[in-house]
Number of protein chains: 2
Amino acid sequence: MSQRNIGVTHQEFVEEACPIVEVIDHVAGKWSIGVLVAAAHGPVRFTELERLVNGISRRMLTLTLRKLERDGLLVRTVYPTVPPKVEYTLTDMARELHESLASLVDWAERHRTAITAARRTYDATTTP
Amino acid sequence: MSQRNIGVTHQEFVEEACPIVEVIDHVAGKWSIGVLVAAAHGPVRFTELERLVNGISRRMLTLTLRKLERDGLLVRTVYPTVPPKVEYTLTDMARELHESLASLVDWAERHRTAITAARRTYDATTTP
DNA sequence: CGGTATCCGGGACGATACTG
DNA sequence: CAGTATCGTCCCGGATACCG
């Protein structure tokens with residue numbers, strides 16, 4: 001990665017090249033997985049997602065949704081009612097992804113105590 | 001997330017709770033997937049990984065390896081020779097994860113042009 | 001209800017240089 | 001070969017406040 005990307009941010013530079021690593025980074029990002037999995041059941045509203053995705057802030061939810069919409073993984077449907085109603089739906093491309101994500105989450109749930117234990121051991125042996 | 005986590009970083013705070021989102025964040029992080037997939041073939045050396053994982057810097061490779069080792073996903077074996085030789089091997093826990101990761105990478109490869117196209121469309125319709 | 005705007009601290013990350 | 005150290009930048013992401 002040369003230093004001659006003057007006037008262009010690293011973000012833009014990487015997007016230009018669009019390697020898989022960057023695609024994965026979007027799709028498998030901290031919040032993206034939660035949102036994608038939560039939206040898999042069917043159309044989901046903004047506030048629902050806020051509750052379903054544990055620990056996400058309103059700001060990050062908005063940003064994550066916009067990013068996923070931009071990548072063509074989510075469709076945003078606005079119903080011009082009062083109060084407003086907005087629904088998010090997975091695209092076919094995203095639905096195809098769902099199984100991989102689900103198995104990832106499953107793995108994480110099954111092994112998270114083992115991971116916590118491994119960390120404690122590692123920390124104990126490196127910092128006495 | 002209360003504001004009363006004085007004296008404790010956000011990192012530490014989240015690790016304490018250790019929710020799946022944080023486990024996934026480690027495992028599915030930008031570089032972690034690449035490293036994990038590259039190491040799946042068998043024992044891999046540091047320099048090999050540097051070549052296999054496209055675009056990673058030496059620094060990030062080291063940090064990623066340490067993080068994965070700490071989480072109990074990688075075993076680091078040092079051979080006390082000159083020049084030194086270090087091998088990284090997946091643990092059983094990590095090997096179990098490999099299939100999910102591989103299908104994720106496969107998905108990303110199959111759809112990355114579609115994603116690039118979706119972005120262009122999105123950008124064109126939002127910023128005229 | 002479903003956002004947007006602003007502020008700001010801390011972490012992610014590359015570049016560069018040095019080492020056993 | 002396989003790292004560590006240091007530095008500087010950019011961006012992630014929470015807190016808070018405001019809006020149609």
Side-chain angles (χ1 to χ4, degrees), chain A residues 1-15 17 19 21-22 25-26 28-32 34-35 39 43-67 69 74 76-88 126, chain B residues 1-15 17 21-22 25-26 28-32 34-35 39 43-69 74 76-88 126:
Chain A
M1 232 157 275
S2 84
Q3 67 257 42
R4 299 215 68 271
N5 44 342
I6 314 296
V8 56
T9 66
H10 175 67
Q11 177 82 355
E12 289 164 343
F13 181 76
V14 170
E15 278 197 20
V21 89
E22 188 264 347
D25 201 33
H26 271 208
K30 190 173 185 176
W31 302 116
S32 308
V35 170
V44 193
R45 301 184 60 174
F46 188 88
T47 319
E48 274 184 276
L49 284 169
E50 210 171 352
R51 277 183 301 100
L52 289 168
V53 184
N54 211 309
I56 197 169
S57 67
R58 181 159 303 189
R59 177 183 142 83
M60 285 319 292
L61 180 54
T62 304
L63 291 178
T64 305
L65 287 170
R66 292 291 173 274
K67 194 174 64 178
E69 193 195 350
L74 242 45
R76 180 170 179 265
T77 316
V78 183
Y79 298 93
T81 57
V82 274
K85 177 179 172 181
V86 179
E87 278 183 350
Y88 293 91
T126 50
Chain B
M1 228 156 277
S2 85
Q3 65 258 41
R4 300 212 69 271
N5 44 343
I6 315 294
V8 57
T9 65
H10 175 67
Q11 178 83 352
E12 289 164 345
F13 181 76
V14 170
E15 277 197 20
V21 89
E22 187 264 347
D25 202 33
H26 271 208
K30 190 173 185 176
W31 301 117
S32 308
V35 170
V44 194
R45 302 183 59 172
F46 187 88
T47 318
E48 274 184 276
L49 284 169
E50 211 172 352
R51 277 182 300 101
L52 288 169
V53 183
N54 211 310
I56 198 169
S57 67
R58 182 160 303 189
R59 178 183 140 83
M60 285 319 293
L61 179 55
T62 304
L63 291 177
T64 305
L65 288 170
R66 292 290 173 276
K67 193 173 66 179
L68 293 175
E69 192 196 350
L74 242 45
R76 180 170 178 266
T77 316
V78 184
Y79 298 92
T81 58
V82 273
K85 177 178 173 181
V86 179
E87 277 183 349
Y88 294 90
T126 51

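Naming convention: chains lettered A, B, ... in sequence-line order (proteins, then strands); numbering from 1 in each chain. Note that the coordinates shown come from a computational prediction; the quantities given were computed from them, not determined experimentally.
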Among the nucleotides dA2(D), dG20(D), dC1(D), which one has an atom lying closest to any side-chain atom of Pro83(B)?
->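 Of all the options, the side chain of Pro83(B) is nearest to dC1(D).
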
Taking the side chain of Val86(B) as heavy atoms from C-beta outward, which of dG20(C), dG3(D), dC1(C) is closest to it?
->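 Closest nucleotide to the Val86(B) side chain: dG3(D).
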
Whole-Å distance between [N] [atom2] and [X] [atom1]?
X        : N       : atom1 : atom2 : value
Phe46(B) : dA2(D)  : CZ    : C1'   : 6 Å
Glu50(B) : dA2(D)  : CD    : C1'   : 9 Å
Leu49(A) : dC1(C)  : CG    : P     : 14 Å
Asp25(B) : dG10(C) : CG    : P     : 19 Å
Lys67(A) : dG13(D) : NZ    : P     : 8 Å
Arg45(A) : dG3(C)  : CZ    : P     : 10 Å

Which residues satisfy the salt bridge (Lys or Arg N to Asp or Glu O under 4.0 Å) test with Glu87(A), sequence neighbours excluded?
->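 Listed in chain order: Lys85(A).
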
Within-4.5 Å side-chain heavy-atom neighbours: Val35(A) and Leu65(A) |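 They are in side-chain contact.
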
Does the side chain of Trp31(B) come within less than 4.5 Å of Leu63(B)'s, by heavy atoms?
->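 Counting from C-beta outward, Leu63(B) and Trp31(B) never come under 4.5 Å.
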
Could you check which residues of residues 56-66 of chain B get a heavy atom under 4.0 Å from DNA chain D? Sort them by number, please.
->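 The answer is Arg58(B), Arg59(B), Thr62(B), Arg66(B).
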
Think Thr47(A) has a side-chain N or O under 4.0 angstrom from the OP1 or OP2 of dC1(C)?
->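 Negative; the distance criterion is not met.
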
If you look only at pairs with a residue in residues 49-63 of chain B, which of them pass as a salt bridge (Lys or Arg N to Asp or Glu O under 4.0 Å), with sequence neighbours excluded?
->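 Non-adjacent pairs meeting salt bridge (Lys or Arg N to Asp or Glu O under 4.0 Å): Glu50(B)-Arg58(B).
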
Qualifying residues under side-chain contact (heavy atoms from CB on, under 4.5 Å), relative to Val86(A), sequence neighbours excluded |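 Result, side-chain contact (heavy atoms from CB on, under 4.5 Å) vs Val86(A): Arg76(A), Val78(A), Tyr88(A).
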
What's the spacing between [X] [atom1] and [Y] [atom2] if we round to 0.5 Å?
X        : Y        : atom1 : atom2 : result
Leu74(A) : Arg66(A) : CG    : CZ    : 10.0 Å
Lys30(A) : Glu22(B) : NZ    : CD    : 8.0 Å
Thr64(A) : Glu69(A) : OG1   : CD    : 12.5 Å

Using five pairs at either end of the helix from dC1(C)-dG20(D) to dG20(C)-dC1(D), determine the angle between the two local helix axes and round it to 10 degrees.
->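 Roughly 60° between the end axes, to the nearest 10°.
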
Assign Tyr88(B) to base, sugar-phosphate, or nothing according to its heavy-atom contacts below 4.0 angstrom with the strands shown.
->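 Sugar-phosphate: the residue Tyr88(B), judged by heavy atoms under 4.0 Å, touches backbone atoms but no base.
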
So which one's nearest nucleotide on DNA chain C is more toward 5', Pro84(B) or Trp31(B)?
->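 Closer to the 5' end of DNA chain C: Trp31(B).
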
Search all heavy atoms of Val44(B) against all heavy atoms of Leu52(B) and return the closest pair with its distance.
->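 Heavy atoms only, the tightest pair is CG1-CD1, 4.2 Å.
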
